[in-house]
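Both ligands and their constituent atoms are indexed starting at 1 by order of listing.
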Amino acid sequence: MATQPQVPSAFASRIIGTGSHFPQKILTNGELAKTVDTTDEWIQERTGIHSRHISNSSNPAEWNSGLATEAARKALEMAGKKPEDIDAIFLATCTPDTLIPSTACWVQKNLGAKKAWALDLNAACSGFIFGLSFADQMIRTGFIRNALVIGSDVLSAFTNWNDRGSCILFGDGAGAVVVEQTSPHSPHRIYTSHLKSDGALWELFHIPAGGSRVEVTPEVFERKDHKMQMKGREIFKEAVRTMTEYAELALSANRLTTADISWVIAHQANARIIESVAKRLDLPLEKMLMNIERRGNNSAATIPTVLDENVRNQKIQPGQFILLDAFGAGLTTGSLLLRW
Ligand code: ACO
């Protein structure tokens with residue numbers, strides 16, 4: 001378990017704008033069932049997913065960087081900031097446009113965020129929480145005054161569309177927030193974050209080829225080793241265990257109980273995982289915000305897109321405690337507690 005000290009600091013950070021964006025094409029379970037041996041009923045019952053968005057790779061606006069740019073524009077607009085105001089861009093993704101340059105640099109160029117330094121970080125589905133935690137730590141020390149934190153993934157490009165055990169889950173999308181320095185005495189701020197990685201569990205979810213270790217040769221291509229490989233049942237159990245543990249860590253670090261929490265935004269991997277975490281935490285399911293039914297699992301984008309949707313529909317109100325909680329390939333885990 002992580003023992004990150006939560007040190008008092010001269011500054012704190014606060015989310016002041018959110019945005020999200022999805023590709024136009026919606027792929028329903030019914031359509032998927034025409035190409036792979038599955039049914040709408042099975043997918044809905046086992047995952048809670050009805051449909052997901054799929055990027056068109058010939059449309060730059062639907063590349064990872066294109067989705068991220070649009071989500072960032074919306075977050076900047078809500079925050080009342082111009083791209084030139086931004087000090088740093090943290091873009092969490094495991095499906096970058098290109099290995100070099102980073103997708104964050106493509107987004108920086110698209111936005112014209114001339115002052116910002118920009119980098120990608122890969123903690124898979126936990127990436128948004130990792131990125132938000134990094135931005136918070138840097139704002140606390142005064143190293144930066146604000147940041148764009150983006151979670152953006154195009155999982156469809158790395159999905160084996162013949163594997164019914166995994167292809168039913170994934171989709172594409174992007175979510176973004178603008179965080180800005182505030183007083184550490186302000187109630188409206190990020191309170192704590194707790195992060196963890198366990199590389200020993202790499203095999204539960206990985207892509208064997210396409211990095212510097214294994215080139216994508218015709219044989220590799222034929223075996224689909226450049227696509228995501230997943231041990232679903234094992235991940236399910238680990239996800240429930242670790243997300244429960246990290247939610248409890250966030251609560252105890254802040255001397256809060258589940259009754260103090262208005263909303264939990266958990267990584268949208270499978271509605272049954274979220275239900276199991278709620279049950280273990282003894283939290284009513286209504287407090288678990290979800291968009292998985294319409295969006296599927298879009299990795300680092302799930303948490304910021306759920307956040308954005310519920311800020312815009314005004315479910316999220318000032319003064320509410322919100323707990324973010326994720327797990328992802330690596331395996332990685334993170335929780336972050338904030339007050340809106
Ligand atoms: N349609 C119909 N039947 C299917 C399908 C399908 N799409 N997929 C599997 N089945 C069958 C299996 O073959 C199996 O049949 P059998 O009993 O005859 O052997 C049966 O359904 C049960 O299979 P399980 O794998 O036990 O099904 P489970 O209830 O565990 O659901 C699922 C599978 C949905 C993958 C679930 O385990 C899960 O969501 N795991 C977590 C995955 C995850 O979160 N991945 C992402 C992590 S990292 C990231 O987010 C990027």
Is [X] salt-bridged to [Y], cutoff N-O under 4.0 Å?
X	Y	value
Lys315	Glu309	no
Glu77	Arg73	no
Glu31	Lys34	no

### Step-by-step side-chain contact (heavy atoms from CB on, under 4.5 Å) determination, Ile86 to Asn146
CA-CA 6 Å; Ile86 297 300; Asn146 64 40; 3.9 Å; yes

Check this for me - ligand 1, [X], N or O atoms closer than 3.5 angstrom, yes or no?
X	result
Ser299	no
Gly232	yes
Thr39	no

Look up [atom] and tell me if a protein heavy atom lies less than 4.0 Å from it?
atom	result
atom 16 (P) of ligand 1	no
atom 20 (C) of ligand 1	no
atom 32 (C) of ligand 1	no

- Task: Report the part of Met228 in contact with ligand 1, treating N, CA, C, O as backbone and CB onward as side chain, heavy atoms under 4.0 Å; options are side chain, backbone, both, neither.
- Result: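 Within the 4.0 Å criterion, Met228 makes no contact with ligand 1.
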
- Leu155 contact mode with ligand 1 (heavy-atom cut-off under 4.0 Å):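 None of Leu155 does.
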
| task | Would you tell me which option among Cys125, Gly48, Ala329, Ala33 has the nearest heavy-atom contact to atom 49 (C) of ligand 1? | result |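 Among Cys125, Gly48, Ala329, Ala33, the closest heavy atom to atom 49 (C) of ligand 1 belongs to Cys125.
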
- Task: Run down the list Trp42, Phe327, Phe158 and name the one with the heavy atom closest to atom 9 (C) of ligand 1.
- Result: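 Ranked by closest heavy atom to atom 9 (C) of ligand 1, first place is Trp42.
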
- Message: Taking a cutoff of less than 4.0 Å between a non-hydrogen atom of the residue and any ligand atom, is Ala124 in contact with ligand 1?
- Response: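 False for this residue.
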
*asked:* If we only consider heavy atoms of Arg272, is any one of them less than 4.0 Å away from an atom in ligand 1?
replied: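 It does; at least one heavy atom falls under 4.0 Å.
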
I'd like to know if the side chain of [X] and the backbone of [Y] have a donor-acceptor N/O pair within less than 3.5 Å.
X	Y	answer
Glu70	Phe22	no
Gln268	Ala266	yes
Thr93	Thr95	yes
Trp117	Ile89	no

Among all protein non-hydrogen atoms, which one is nearest to [atom], and what is the separation to 0.1 Å?
atom	result
atom 45 (N) of ligand 1	Met230 SD, 3.3 Å
atom 7 (N) of ligand 1	Arg164 O, 2.9 Å
atom 43 (C) of ligand 1	Ile235 CG2, 3.9 Å
atom 26 (O) of ligand 1	Arg233 NE, 2.7 Å

Let me have the donor-acceptor pairs involving side chains of residues 316-324, under 3.5 Å, with sequence neighbours excluded, atom names and distances please.
{"residue": "Gln317", "atom": "NE2", "partner": "Gln314", "partner atom": "O", "Å": "2.8"}
{"residue": "Gln320", "atom": "OE1", "partner": "Trp263", "partner atom": "NE1", "Å": "2.8"}
{"residue": "Gln320", "atom": "OE1", "partner": "Gln317", "partner atom": "N", "Å": "2.8"}

Could Arg189 and Tyr191 be counted as a cation-pi pair, given that NZ or CZ must be under 6.0 Å from the ring centre and within 45° of the axis?
->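 Here Arg189 passes the 6.0 Å and 45° test against Tyr191.
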
Original post:
Is there a donor in the side chain of Arg294 and an acceptor in the side chain of His50, or the other way round, less than 3.5 Å apart?
Top reply: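 Arg294 vs His50: no donor-acceptor pair found between side chains.
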
Checklist entry - Does a donor on one side chain sit under 3.5 Å from an acceptor on the other, for Thr305 and Asn291? => result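 Side chains of Thr305 and Asn291: pair found under 3.5 Å.
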
[X] neighbourhood, listing ligand 1 atoms whose heavy-atom distance to it stays under 4.0 Å:
X	value
Asn297	46 (C), 49 (C), 50 (O)
Arg46	22 (C), 27 (O), 28 (P), 29 (O)
Thr38	1 (N), 2 (C), 6 (C), 7 (N)
Asn270	34 (C), 36 (C), 38 (C), 39 (O)
Gly165	8 (N), 35 (C)
Ala269	44 (O)
Thr47	34 (C)

- Steps toward side-chain contact (heavy atoms from CB on, under 4.5 Å) verdict (Phe236, Val240): CA-CA 6 Å; Phe236 192 110; Val240 173; 4.0 Å; yes

Donor-acceptor list for residues 280-288 side chains, cut-off 3.5 Å, not counting sequence neighbours:
{"residue": "Lys287", "atom": "NZ", "partner": "Thr258", "partner atom": "O", "Å": "3.4"}
{"residue": "Lys287", "atom": "NZ", "partner": "Ile261", "partner atom": "O", "Å": "2.7"}

